[in-house]
Structure formats: C-alpha cells, structure tokens
Undergrad: 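One structure coming up, written as structure tokens, with questions to follow.
In what follows, chains are A, B, ... by sequence order, proteins preceding strands, each numbered from 1. All heavy atoms count here, side chains included; hydrogens, waters and symmetry mates do not.
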Number of protein chains: 2
Amino acid sequence: MNTQHQTMEQRIAHFREVCRLAEVKLTHQRLEIFREVARAGDHPDAETIYRRVREHLPVVSLDTVYRTLWLLKDLGLVTALGSHHERARFDANLDHHHHFVCIDCGMTVDFYSDSFDRLEIPESVQSVGAVEVLQVEMRGRCHACAMKSERRKQENRR
Amino acid sequence: MNTQHQTMEQRIAHFREVCRLAEVKLTHQRLEIFREVARAGDHPDAETIYRRVREHLPVVSLDTVYRTLWLLKDLGLVTALGSHHERARFDANLDHHHHFVCIDCGMTVDFYSDSFDRLEIPESVQSVGAVEVLQVEMRGRCHACAMKSERRKQENRR
DNA sequence: GTTTATGCAAAACCTTTGCATTTTG
DNA sequence: CAAAATGCAAAGGTTTTGCATAAAC
C-alpha cells in the first residue's frame, strides 16, 4: 500500500478498518497516537510522540504510547527502527559487507556482494549529507525460525 | 584494511600497534576482549563477550567490557550495530524506501531509488533465510553536523 | 454487561559513572 | 612513579509489567 499520496483522512479510515478486523478497540488515545506517527516524517521516538500527543490529548501516559506503538507495529501500520530489546552488538569484520537480520531471533549474518558494493549514492542524498558507509540490510526469517513458526502453526491446528 | 584473511596473530599485532600510536595502555583485559571480538563471527553483545572473556580471564568486569568495546570502536578496530543510547524510533511510511542516517545526531531521512529497489538477493543469502525487506542504509554526517564539527576544529586551532 | 485498554507506580533491563585501588609504560 | 585503567557498587535512562479503574463494543 502506498502511504505517500494518501490523505490523513484515508490513513485514519484505514486505521479504523484494521482495528475493526483485528478486533482491537479503537480508543481516543490510539487514534491520536496513530495520527501523530502518520503526520511525522522524522522517525520520532516514543518520548517525542508522547510529547506531541499530549499537546492535543492531555490524558495519555507514556506506557500507553509504548503499548500502542508496538500494537501498531503488530498490525503492520508502522515500522520500528532500532527496535526494542535490541542491545548494542559488535563486529570486528572491517571489510565492506552487508547484513541479513532475522526478524524473529535477531541473528545477523555478514554477506559480500560486488554489485551491492558498487551502488552509487543518489544525488538527492548528497544534498542532505556526505555518505561514508553504504550497507544493504536484508531482513527476513532465518530457516531455523521459519521452521519453528511452521511447527507452532501445525500444533495450533490440532 | 582486509580483516578476512588475517591470522589472529596479525590482528593482535595490529591491535598492539594501534594502542601504541594512540597512547592507550594495553592491559590484559583489553587484549582478551579484543581477541574475543576478533574471534567472534556472530555479532555478540557486551554481555556475551563478557561471558566468553571470563572463561579465559576470570578477573574482568562488565563495565570494563563496555568501556573497552567503545574504545575499540573509537580506535576503528570494531564497528557497533544498533549502537548505544539509541532508542526505538517509529515510521508510518510503508512505501519501499531507504535511509540516510547521520552518525553524529542520528537524524534519519527516507529516500526513494528505483535502482535500490531493483536489487536482487544473492543466492548465498537465500541459504540462510527468506528475505522479506531489502533496505539500503547510508551512514555519514549530515551537513548541519559537518558544519558544527568544522567550526569546532577551527576554534581549537586558535 | 463483558471485555479490553488505561494510568499509575514500581520493576526490569541495559548501560554508564564516581571513586578507591591496581596496573601500565 | 605518574598517569591511566580496573572493579565495585550505585545511578542513569529507556522500556515493560501488575493491578485497580475506566472506557469501548
């Protein structure tokens, strides 16, 4: 779905529909939190969203903002960068490489690719800053986690 | 510098040399922590490195592991993924896009690129897992931060 | 009316810091 | 021996959780 050229009204309507289908209650807080994330173009953190929401809706707490943001992520309405429960990890591999990251277990594997290494920086990026490192991040499910989730589905069917 | 085909002895020698040039003391703890990160291929977190180091060197504390890892990063000997003091951030932009991230202030800007979108997944990755999202991450210094650090250098010259 | 979400406060978690002691160059 | 690094314990910041109350369906 293309979010770029949707009006705020269309996004809110979509949000309502997703909540209805997921049988999730549409509270005043959730609506305002979604509206604030949808309006933002600057990848705000939970604290920032909390502050912005409070300008319109004084009765909201930080923990509700957190709970709602992870809910929105589960519903596929937002994505999370540098997501929760992620601690700093270290790598002594200084060669130019790229990453596969498992969205379930967090396992990260290094990969080498000449075609990835040869990618050119778009001009539009150069107007924002000077790129020092270009790295491709591939996210998906590793085979081990894919098997685990398959097994879980089969158990639930019984 | 290519780390891939260096022996552990070469890496340790390089570590010693970098410490000497930077006038940083080479302690037993630092040597063992570096050795453990250099040996690891699995992007371990600080706690994991701490556990592994303790098997060889019982007298080491978690805070020394942290201090040493950030030192190694400053010395350019390791890189950090999902680095410190980084909180979760949220994005309602569901269109396929890519990121520029400022290494100083953390500002993240979305970019669109057809050539990035058309990248093919290398076969070697497919043997590890099923890629769902491919995203290019460009890291560097935004113009605002570049100007700030220029100004700081000039002030120090006076 | 029943189920679910909220706010509050307290906890959990990862990471950093101050200070006395030890180690390095 | 002077300067810097360590361990300890305590604090810091972010995110999560349990529970009584309130709101949505």
Undergrad: Let's see if you get this right: which residues in residues 32-61 of chain A place a heavy atom under 4.0 Å from DNA chain C?
TA: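 Hits under 4.0 Å, by residue number: Val59(A), Val60(A), Ser61(A).
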Undergrad: Name the residue closer to the 5' end of DNA chain D, choosing between Val24(A) and Val24(B) according to the nucleotide with the nearest heavy atom.
TA: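 Nearer the 5' end of the strand: Val24(B).
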Undergrad: Evaluate the side chain to side chain donor-acceptor pair (under 3.5 Å) criterion for residues His98(B) and Asp117(B): first the C-alpha distance (whole Å), next the side-chain angles of each, then the deciding distance (0.1 Å), finally the verdict.
TA: CA-CA 9 Å; His98(B) 308 277; Asp117(B) 293 349; 2.8 Å; yes
Undergrad: Find the distance Arg87(A):CZ to dT16(C):P and express it as a whole number of Å.
TA: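 Between P of dT16(C) and CZ of Arg87(A): 14 Å.
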Undergrad: Regarding dT3(C), can its base be found pairing with the side chain of Lys25(A) as donor and acceptor, where the two atoms are less than 3.5 Å apart?
TA: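 When only heavy-atom distances are counted, Lys25(A) does reach the base of dT3(C) through a donor-acceptor pair under 3.5 Å.
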Undergrad: Between Val101(B) and Met107(B), is any pair of side-chain heavy atoms under 4.5 Å apart?
TA: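 Side-chain contact under 4.5 Å: no.
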Undergrad: In whole Å, what is the span from the NE2 atom of His28(B) to the P atom of dG25(C)?
TA: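 My rounded result for the distance is 13 Å.
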Undergrad: Measure the distance from CH2 on Trp70(B) to P on dT15(C) and round it to the nearest whole Å.
TA: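 Atom CH2 in Trp70(B) sits about 7 Å away from atom P in dT15(C).
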Undergrad: Whole-Å distance between dA5(D) P and Asp74(B) CG?
TA: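 That distance rounds to 12 Å.
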Undergrad: OP1 or OP2 of dT4(C) sitting under 4.0 Å from any side-chain N/O of Thr27(A)?
TA: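 Looking at the OP1 and OP2 atoms of dT4(C), neither is under 4.0 Å from any side-chain N or O of Thr27(A).
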Undergrad: My understanding is that only residues two or more places apart in sequence, or in another chain, count here; which of them pass side-chain hydrogen bond (donor to acceptor under 3.5 Å, both in side chains) with Thr108(B)?
TA: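 Checked Thr108(B) against side-chain hydrogen bond (donor to acceptor under 3.5 Å, both in side chains); matches are Arg89(B).
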Undergrad: Just the rounded figure in Å: distance from P of dC14(C) to OH of Tyr66(B).
TA: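 For the pair Tyr66(B) OH and dC14(C) P, the rounded distance is 7 Å.
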Undergrad: Looking at Glu32(A) and Arg35(A), is any side-chain nitrogen of the basic one under 4.0 Å from a carboxylate oxygen of the acidic one?
TA: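 A salt bridge is present here (some side-chain N lies under 4.0 Å from a carboxylate O).
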Undergrad: Please table the atom pairs, donor to acceptor, closer than 3.5 Å between any side-chain atom in residues 134-142 of chain A and protein atoms at least two apart or in another chain.
TA:
unit_1, atom_1, unit_2, atom_2, d
Gln135(A), OE1, Arg139(B), NH2, 2.8
Gln135(A), NE2, His97(A), O, 3.1
Glu137(A), OE2, Arg139(A), NH1, 2.6
Arg139(A), NH2, Gln135(B), OE1, 2.8
Arg141(A), NE, Asp104(A), OD1, 3.4
Arg141(A), NE, Asp104(A), OD2, 2.8

Undergrad: Between Leu75(A) (CG) and dT4(C) (C1'), how many Å, whole number?
TA: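 My rounded result for the distance is 14 Å.
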Undergrad: So Phe90(B) and Thr79(A), do their side chains get closer than 4.5 Å, heavy atoms only?
TA: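 Of all side-chain heavy-atom pairs linking Phe90(B) with Thr79(A), none is under 4.5 Å.
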Undergrad: Ignoring backbone atoms, establish whether Arg30(B) has a side-chain N or O less than 4.0 Å from OP1 or OP2 of dA5(D).
TA: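 Affirmative; the distance criterion is met.
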Undergrad: Identify which nucleotide among dT6(C), dT17(D), dC8(D) has an atom closest to any side-chain atom of Thr68(A), counting heavy atoms from C-beta outward.
TA: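 For Thr68(A), the side-chain atoms sit closest to dT6(C).
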Undergrad: Measuring only between side-chain heavy atoms, which start at C-beta, is Arg30(B) closer than 4.5 Å to Leu26(B)?
TA: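 When only atoms from C-beta onward are counted, Leu26(B) and Arg30(B) do not touch, as no gap falls below 4.5 Å.
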Undergrad: Quick one: label Arg67(A) by what it contacts on the DNA or RNA (base, sugar-phosphate, nothing), any heavy atom closer than 4.0 Å.
TA: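 Touches a base.
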Undergrad: How close or far is atom P of dC13(C) from atom CG of Asp63(A), stated in whole angstroms?
TA: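 After rounding, the reported distance stands at 18 Å.
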Undergrad: In whole Å, what is the span from the CG atom of Leu81(A) to the P atom of dT15(D)?
TA: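 Checked: the CG to P distance equals 12 Å.
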Undergrad: Applying a 4.0 Å non-hydrogen cut-off, can you work out what Gln29(A) is touching in the nucleic acid: base, sugar-phosphate, or nothing?
TA: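 Sugar-phosphate contact only - Gln29(A) comes under 4.0 Å of backbone atoms but never of a base.
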